[in-house]
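Take a look at the structure below.
The chain is numbered in sequence order, starting from 1. Values in this document were obtained by computation on a predicted structure and should not be read as measured data. Just so it is clear, the values below take in all heavy atoms, side chains as well, and ignore hydrogens, waters and symmetry mates.
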Amino acid sequence: MPEGRIVKALSGFYDVKTESARICCRARGRFRKDGCSPLVGDMVSIELTEPGCGYILEVLPRRNCFVRPAVANVDALVLLASDVTPVTDPFLVDRVAVVAERNDCGVIICINKCDLARGERLYDAFSCGTGYAVLRTSAVTGEGIEELRALTRGKTVAFTGNSGVGKSSLLNCIAPEFHLAVGEVSERLGRGRHTTRHIELFDVGDGGFIADTPGFSSFDLTQMQPIEKEALQHCFPEFRPYIGQCRFDDCTHRREPGCAVCAALAAGKIAPSRHESYLRLYELSAAQHAWEQKR
């Protein structure tokens, strides 16, 4: 059977790119029964029913997959944030970053619209001990574009961020052939309109692919994969040097005496906003676990 990669998903139809063609496919009904929906980025085997059309028969083993954004087999997530309309809540970025960590996926953070605001608070928070590549980017001045191209070259990456953060403009700057629609930010609400309605994977011609995904809001965080509270500490790279050094073996790094993570926080080696995000996520994970136990 022919094999290929899903490069677009829209209303139950999947565009699968094989070595020789682009095939419009539907998924067999058994996928609904199995609870395994094909995702953009999936490698699949297909059956042709007529020229240019067919069915997806099997989703091949995945390296990783995400619920929000709904993509699979990603080398890195490029997370966009801005410090000017709309102003990004760091928790939005942290929430997606820990899901990437849990899925063995790289993280690249772009402080976008830096021609309007340099985003010092965001830059400092995301670069403090995380090991992440943190860039300042601007589709207006071109700042950071070449560095971003170099970081994503030859990889499969997905660009994501809160609505209105300038994702489509930045992608058009990286690859003008995309011709992506660009929306405006509402001055009254301080957020953008969803100009991207579906997920599509673009071949950028250097062995790499870039996925454009719809922007998300705070509400969308409820749709992301839950992470076990015990595993959460390992999803913050700046915590890792201190894990196992606390006074208590079962330290949760919240308020326990002798906590090495809290000591690093007090010493400025961990950004306060990152630890605050950890606390919020820990409470969410604990509440999810308690709810599951009651079922």
Side-chain angles (χ1 to χ4, degrees), residues 5-7 39-43 60-82 88 90-112 119 122-137 144-162 165-167 170-171 173-175 199-216 221 224-225 227 231-241 243 270-271 273-274 277-278 281:
R5 183 195 299 262
I6 298 177
V7 294
L39 299 174
V40 169
D42 270 332
M43 297 300 297
L60 302 181
R62 293 166 168 164
R63 171 187 169 181
N64 54 36
C65 66
F66 299 86
V67 173
R68 184 75 175 182
V71 292
N73 299 318
V74 176
D75 296 313
L77 287 181
V78 181
L79 310 181
L80 271 66
S82 73
T88 299
F91 181 69
L92 290 175
V93 177
D94 292 336
R95 180 67 179 96
V96 181
V98 298
V99 174
E101 290 284 348
R102 189 63 170 151
N103 283 273
D104 190 28
C105 178
V107 173
I108 300 169
I109 296 176
C110 295
I111 313 301
N112 202 30
L122 295 171
Y123 187 93
D124 292 345
F126 298 135
S127 57
C128 183
T130 63
Y132 295 147
V134 184
L135 317 177
R136 288 186 173 93
T137 54
I145 300 301
E146 288 305 318
E147 188 176 359
L148 183 56
R149 283 198 185 107
L151 286 171
T152 58
R153 186 169 294 120
K155 299 178 180 178
T156 298
V157 298
F159 279 62
T160 189
N162 52 302
V165 79
K167 175 170 53 64
L170 193 63
L171 284 171
C173 195
I174 293 171
I199 297 177
E200 186 163 359
L201 199 60
F202 295 92
D203 186 343
V204 291
D206 58 5
F209 292 84
I210 291 178
D212 182 24
T213 70
F216 58 77
L221 296 180
M224 295 181 183
Q225 298 102 312
I227 297 173
L232 190 61
Q233 60 182 329
H234 301 287
C235 297
F236 283 78
E238 63 270 50
F239 287 18
R240 292 172 189 159
I243 295 173
I270 294 173
S273 68
R274 289 277 290 172
S277 291
Y278 168 79
L281 290 169

Hey, are the side chains of [X] and [Y] touching, using non-hydrogen atoms and a 4.5 Å cut-off?
| X | Y | value |
| --- | --- | --- |
| Leu135 | Leu151 | yes |
| Phe159 | Thr213 | no |
| Ser273 | Phe126 | no |
| Leu77 | Phe66 | yes |
| Phe91 | Leu281 | yes |
| Asp75 | Arg63 | yes |
| Arg95 | Ile227 | yes |
| Arg5 | Thr156 | yes |

Which pair of non-hydrogen atoms, one from [X] and one from [Y], has the smallest distance, and what is that distance?
| X | Y | result |
| --- | --- | --- |
| Leu79 | Val96 | CD2-CG1, 3.5 Å |
| Ile111 | Tyr123 | CD1-N, 4.2 Å |
| Phe209 | Val204 | N-CG2, 4.2 Å |
| Ala100 | Val107 | CB-CG2, 3.7 Å |
| Ala97 | Arg274 | CB-NH1, 4.5 Å |
| Leu122 | Ala81 | CD1-CB, 4.2 Å |

Under the criterion side-chain contact (heavy atoms from CB on, under 4.5 Å), I'd like the reasoning laid out for Glu200 against Val40: C-alpha separation, chi angles, the key distance, then a yes or no. CA-CA 7 Å; Glu200 186 163 359; Val40 169; over 6 Å; no

Just how far is it from atom [atom1] of [X] to atom [atom2] of [Y], taken to the nearest 0.5 Å?
| X | Y | atom1 | atom2 | value |
| --- | --- | --- | --- | --- |
| Cys110 | Lys167 | SG | NZ | 12.5 Å |
| Tyr278 | Glu238 | OH | CD | 11.5 Å |
| Ile145 | Cys173 | CD1 | SG | 4.0 Å |
| Phe236 | Asp94 | CZ | CG | 5.5 Å |
| Leu201 | Ile6 | CG | CD1 | 10.5 Å |
| Arg149 | Ile174 | CZ | CD1 | 6.5 Å |

Of Ile210, Leu170, Thr152, the residue whose pairing with Val78 passes side-chain contact (heavy atoms from CB on, under 4.5 Å): Thr152

So does [Y] get a backbone contact from the side chain of [X], meaning a donor-acceptor N/O pair under 3.5 Å?
| X | Y | answer |
| --- | --- | --- |
| Thr88 | Ser82 | yes |
| Arg153 | Gly208 | no |
| Asn64 | Asn73 | yes |

Please name all residues satisfying salt bridge (charged side-chain N to carboxylate O under 4.0 Å, His left out) with Arg62, sequence neighbours left out, ordered by chain then number. Asp42

Residues at least two apart in sequence or cross-chain that pass salt bridge (charged side-chain N to carboxylate O under 4.0 Å, His left out) with Arg136, listed by chain then number, are Glu120

